[in-house]
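Read the structure below first, then the notes.
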Amino acid sequence: MKQVRGNARTVGAGGLAVTLVRAGAVAAAAAGSVHGHAAQQPLGVGLLPGGDGPADALNLASFSDSGGCPNNASELVRCMQDPLERASSQVFFASTHVPGVPPGTAIASPSTSAPDYFYHWVRDASITFARIAKIPATGGGGSGGQIASRGIADGPPRHPEIEALMAGFAHVSRGHQESPTVAGLGEPKFLVDGTPFNGPWGRPQNDGPALRALVLTRWAQYLLGHGGIPGAREYVSKELYDGALPTQSVVKRDLEYVAAAWRDASVDVWEEVRGTHFFTRLLQRAALDAGAELAESLGDSGAAAWYRVQAREIGASLAAHWSAKRGYLIATLDKVSGPPAKTSDLDVSVVLAALLAERFDPRIRAYAPWDGRVLATAVRLVGSMRGLYAINANTSAPAVVGRYPEDVYDGVGFSRGNPWPLATAALAHQAFIVARRWCRLRYLDLNQYSRSYLSELAATRIESGLPTLIATDPEFPKAVRGVIEYGVSVLKRVRQLAAADPHGDDAALSEQWDRDTGAKQGAINLTWSAVAYLDALDAYTETGLKCRSVLQSL
Ligand code: NOJ
Ligand code: NOJ
């Protein structure tokens, strides 16, 4: 790959050459790719009381491009009034543009000691590039579909800076796959120069190839959906999905691995437990479903059928994770090893998995963020942590949460666990997706899980005894509003803790908050924390658009 430092560099292969024009525009482009235009239409005015100012009030005005922002704010120059949004965008940009590091690499954190997170973790990086890959495949449909509101007459919009990053991610990932690792494709992390980290570590981590395949499948679909890009089809069928066995292409390699290895025990998202994990399997299912579609569209129908069969079997295996007795989804089954104290297996990774899976498959049936079992898991998780962390006491703000109640990882070593911004932001994100779903359907199922989600988290009691609440029932907008308000107050709390931090001027989120003081704890400027916050903001904007008419009826 040719690399020119400075203004412009070219990445790609097979005739596809995309140019990274101006680095400075990329963070804004990536941050604004979904809601650039949508953000100009704030959610129903008056939903929330305004606060004292942008720093402590996550009011509706501070979410939108209006008020204090130039009218000509474009997709690339998104006006950001929220300091945490700005700081998060900067972290997001910096982690994907480390000087001297090949484009397509994303560091987990700039912290190089206590802890050393200066690596490209396949999971973290994929979640980072998943944010960049929100570009809709065809300019319509997809979860980022409102970009289409600009009109299809001009053809689907192109995003050169984003294209350069995605091509870089494909290239870097291919290098990882081809390097001599200990755990093959399940290798969890790499040095930023692309060489494998071969020291002792929990491996394989099989969520990695699934997430990577999901992101790069989206990239392939984007390219195929933009018929006019010279060489795009050749690039896709050579670099991304070649339909050959053995394959030389990055997506098919991961898909073949996932299809063959999903039954094997692996190490979990938190790099601690060996067994069968809900998080890993839900994403494996999503990857094979998306991969099957790509395979089909490229004429590899034998592989498509094979991926579909495996996806169905994974789907069936997920049912065992639901424990009616405990009332939540069990994070790990068939445990081989892990911290003995982790007995509840109540874990925010269930919510994270549901959010990621839905992102890539908006038609998801089971285990979407609004699935009763996922709602129940969120309720139980919050219940287990409300009293666990002192910062949750003496505040009217909703509880912040960590990974799982028995956690003792303090971000550097093992003492006591803490709340995590990315886990907390996921609760807000879930709330917005749930409300958006209800607004889209114009009804919601009332069952014990949605009822307890509404009453326990959204402080909304529904009087109706019916099994369904339809949009014309006055309690429907009340439920929608309650859930959105819950999400907003969670984000407000995240923002408030970030602003209150004694390390003041560096406003970005770290990995954890000290459970007593709320001070930053663990890796600073954690990319995943930034992405989780920005993703939740995007979901808020989308939900505002979808729920506008519902809320206006209040
Ligand atoms: C132990 C932690 O519990 C785990 O989550 C983390 O990934 C590793 N240490 C590496 O920092
Ligand atoms: C620890 C987390 O447990 C793990 O999921 C993550 O990949 C690494 N830190 C890097 O952020």
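Just follow the structure's listing: the first ligand is 1, and inside any ligand the first atom is 1. Reckoned from all heavy atoms, side chains included, excluding hydrogens, waters and symmetry mates. This structure is a prediction, so every number in the text was calculated from the model and none was measured.
Checked by atom type and distance alone, the side chain of Gln205 never pairs as donor or acceptor with a backbone atom of Glu271 at under 3.5 Å. When atom types are taken as modelled, the side chain of Gln521 and the backbone of Asp410 share a donor-acceptor pair closer than 3.5 angstrom.
Using a 4.0 angstrom heavy-atom cutoff, Glu511 counts as in contact with ligand 2. Every heavy atom of Tyr119 sits 4.0 Å or more from the atoms of ligand 1. Within the structure, ligand 2 has Arg403 among the residues with a heavy atom less than 4.0 angstrom away.
With a 4.5 Å cut-off on side-chain heavy atoms, Tyr486 and Val490 count as touching. Using a 4.5 Å cut-off on side-chain heavy atoms (C-beta onward), Ile433 and Leu355 make contact.
By the criterion of a heavy-atom distance under 4.0 Å, neither the backbone nor the side chain of Tyr409 is placed next to ligand 2.
Short contacts between ligand 2 and Arg123, defined as distances under 4.0 Å to a heavy atom of the residue, involve ligand atoms 4 (C), 5 (O), 7 (O). In the vicinity of Glu272, heavy-atom distances shorter than 4.0 Å reach the ligand 1 atoms 2 (C), 3 (O). Residue Trp121 approaches ligand 2 through these ligand atoms, each under 4.0 Å from one of its heavy atoms: 7 (O), 8 (C), 10 (C). Atoms of ligand 1 lying under 4.0 Å from any heavy atom of Trp270, numbered from 1 in the order shown and given with element: 4 (C), 5 (O), 7 (O).
Backbone and side-chain nitrogen or oxygen atoms of Trp201 are examined, and none is located within less than 3.5 angstrom of a nitrogen or oxygen of ligand 1. Considering backbone and side-chain atoms together, Tyr117 places an N or O closer than 3.5 Å to an N or O of ligand 2. In terms of polar-atom proximity, defined here as any N/O pair under 3.5 Å, Trp420 makes no such contact with ligand 2.
No hydrogens or angles considered: a donor-acceptor pair under 3.5 Å links the side chains of Glu272 and Tyr404. No side-chain donor from either of Trp270 and Asp407 sits under 3.5 Å from a side-chain acceptor of the other. Looking only at atom types and distance, the side chain of Tyr117 has a donor-acceptor partner in the side chain of Glu511 under 3.5 Å away. A donor and an acceptor atom, one from each side chain of Gln177 and Arg174, are nowhere located under 3.5 Å apart.
With respect to atom 1 (C) of ligand 1, the closest heavy atom belonging to the protein is Phe414 CZ, 3.4 Å. The protein non-hydrogen atom at the shortest distance from atom 11 (O) of ligand 2 is Asp124 OD2, 2.6 Å. What sits closest to atom 7 (O) of ligand 1 on the protein, heavy atoms only, is Glu271 OE1, 2.3 Å.
Geometrically, Arg131 engages Phe92 in a cation-pi contact defined by less than 6.0 Å to the ring centre and at most 45° from the axis.
For atom 4 (C) of ligand 2, the nearest non-hydrogen atom from the set Asp268, Val122, Val269 comes from Val269.
Note on Lys134 versus Glu542: no salt bridge recorded, every NZ/NE/NH1/NH2 to OD/OE distance being 4.0 Å or above.
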